[in-house]
Amino acid sequence: MANTETETEKKPVMIVGIDDSDHSFYALEWTLDHFLAPSAPNTPFKLIVVHSKPSPTSAVGFAGPGAADVYPFVDSDLKKIAARVAEKAKELCHSKSVDDVLVEVVEGDARNVLCEAVDRHHATMLVVGSHGYGAIKRAVLGSVSDYVTHHAHCTVMIVKKPKTKHSG
C-alpha cells in the first residue's frame, strides 16, 4: 500500500497556547520569529494555535438566583472574544508568511485544554506565555505555565515578555 502521508503530517507539531493577553501574543510572535518565519513557507513544524474559551459558569464566578439569566450574555461575549483572539492569531501568522496554521478554540480551563491538545495532536512542543504574576496572584489564580510544565506530555517552552522600563 502506498504511503499517503503528506509532508505536513510528518512535521513535528508545535502548539502555542494563547488567550487575549499581550503576553500570549508576544509568545506567539516570538515563536514565529524564532522557529517558523525564517523558513516560511516550508516551516520545520506544523503550528497549531490553541485558545481556551472559559465556560460561562466559570467566567461568571457565582451561582444562585439570577446566575443562569446572565450565562447567555456572558457566553456571547466569550464567543466574541474567542473569535477575535483566533482572528488576531491568524493575522499575526499570516504577517510572518506562516499560513500553514490551525487555530483551535476549545471551551474549558486552559490548563486542561492545552494538555489535552498536546495529547490529541501528539505535539513535540507546547509554547505558552508567562503573565509575570507575583507569588500571591499566582497562588490564587494558579499558573497555567506551572501546570503545563508538570502535566503536558512534551517539551514546554515558556516565553517571557521583557519587562518594560518605567521612567521614574
Partners passing side-chain contact (heavy atoms from CB on, under 4.5 Å) against Thr124 (at least two apart in sequence or in another chain):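 In terms of side-chain contact (heavy atoms from CB on, under 4.5 Å), with neighbours along the sequence ignored, Thr124 is linked to Pro12.
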Sub-4.5 Å side-chain heavy-atom contact between Leu32 and Cys93: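 Yes, their side chains come closer than 4.5 Å.
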Contact check, side chains of Glu116 and Ser52, non-hydrogen atoms, under 4.5 Å: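 A side-chain contact under 4.5 Å is absent here.
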Pairs flagged by side chain to side chain donor-acceptor pair (under 3.5 Å) wherever residues 90-99 is involved - sequence neighbours left out: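 Non-adjacent pairs meeting side chain to side chain donor-acceptor pair (under 3.5 Å): Glu29-Lys96, Asp33-Lys96, His94-Asp99.
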Is there a path of hydrophobic side-chain contacts, each under 4.5 Å between heavy atoms of I/L/V/M/F/W/Y residues, joining [Y] to [X]?
| X | Y | value |
| --- | --- | --- |
| Leu28 | Met157 | yes |
| Leu92 | Tyr26 | yes |
| Met125 | Val16 | yes |
| Ile158 | Val127 | no |
| Val113 | Val103 | no |

Please list, chain by chain and in numerical order, all residues satisfying side-chain hydrogen bond (donor to acceptor under 3.5 Å, both in side chains) with [X], sequence neighbours excluded.
| X | value |
| --- | --- |
| Ser55 | Thr57, Ser58 |
| Ser145 | Ser143 |
| Ser39 | none |
| Asn112 | none |

When rounded to the nearest 0.5 angstrom, what is the spacing between [atom1] in [X] and [atom2] in [Y]?
| X | Y | atom1 | atom2 | answer |
| --- | --- | --- | --- | --- |
| Leu47 | Leu102 | CG | CG | 8.5 Å |
| His23 | Lys161 | NE2 | NZ | 6.0 Å |
| Leu126 | Cys154 | CG | SG | 5.0 Å |
| His131 | Lys160 | NE2 | NZ | 13.0 Å |
| His51 | Ile18 | NE2 | CD1 | 7.0 Å |
| Thr31 | Met14 | OG1 | CE | 6.0 Å |

What closest approach, in Å, do [X] and [Y] show between heavy atoms, and which atom pair accounts for it?
| X | Y | value |
| --- | --- | --- |
| Leu36 | Pro44 | CD2-CD, 4.5 Å |
| Lys11 | Asn42 | NZ-OD1, 4.2 Å |
| Ala59 | Val74 | CB-CG1, 3.9 Å |

Contacts of His34 that satisfy ring-ring contact (aromatic ring centres under 6.0 Å, His included) - sequence neighbours left out: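 So His34 forms a ring-ring contact (aromatic ring centres under 6.0 Å, His included) with Trp30.
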Results of ring-ring contact (aromatic ring centres under 6.0 Å, His included) for Tyr147 - residues two or more places apart only: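 ring-ring contact (aromatic ring centres under 6.0 Å, His included) check on Tyr147 returns His151.
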Passing candidate, side chain to side chain contact (heavy atoms under 4.5 Å, CB included) with Ile15, options Val156, Val50, Val148: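 Exactly one candidate clears the test, Val50.
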Working for side-chain contact (heavy atoms from CB on, under 4.5 Å), residues Val49 and Val101: CA-CA 7 Å; Val49 177; Val101 59; 3.8 Å; yes
Partners passing salt bridge (charged side-chain N to carboxylate O under 4.0 Å, His left out) against Glu104 (at least two apart in sequence or in another chain):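 Partners of Glu104 under the salt bridge (charged side-chain N to carboxylate O under 4.0 Å, His left out) test: Arg120.
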Asp119: partners by salt bridge (charged side-chain N to carboxylate O under 4.0 Å, His left out), with sequence neighbours left out: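 For Asp119, no residue satisfies salt bridge (charged side-chain N to carboxylate O under 4.0 Å, His left out) once neighbours in sequence are set aside.
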Main-chain N/O of Val118 paired to His122 side chain as donor or acceptor, under 3.5 Å: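 Between the backbone of Val118 and the side chain of His122 there is no qualifying donor-acceptor contact (under 3.5 Å).
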Donor-acceptor under 3.5 Å (Ser24 side chain, Ser21 main chain):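 Answer holds: yes.
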Test log, rule side-chain contact (heavy atoms from CB on, under 4.5 Å), inputs Asp100 and Lys46: CA-CA 7 Å; Asp100 182 20; Lys46 166 67 182 162; 3.0 Å; yes
Worked verdict on Phe25 versus Val85 for side-chain contact (heavy atoms from CB on, under 4.5 Å): CA-CA 9 Å; Phe25 276 92; Val85 168; 4.1 Å; yes
Pairs satisfying salt bridge (charged side-chain N to carboxylate O under 4.0 Å, His left out), at least one member in residues 77-88, at least two apart: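 Listed once each, the pairs are Asp75-Lys79.
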Summary of salt bridge (charged side-chain N to carboxylate O under 4.0 Å, His left out) pairs that have at least one residue in residues 55-73, sequence neighbours excluded: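 Listed by first then second residue: nothing to list.
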Heavy-atom neighbours of Phe73 CZ exceed 12 at 6.0 Å: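 No, CZ of Phe73 has 12 or fewer neighbouring heavy atoms, counting only those of other groups under 6.0 Å.
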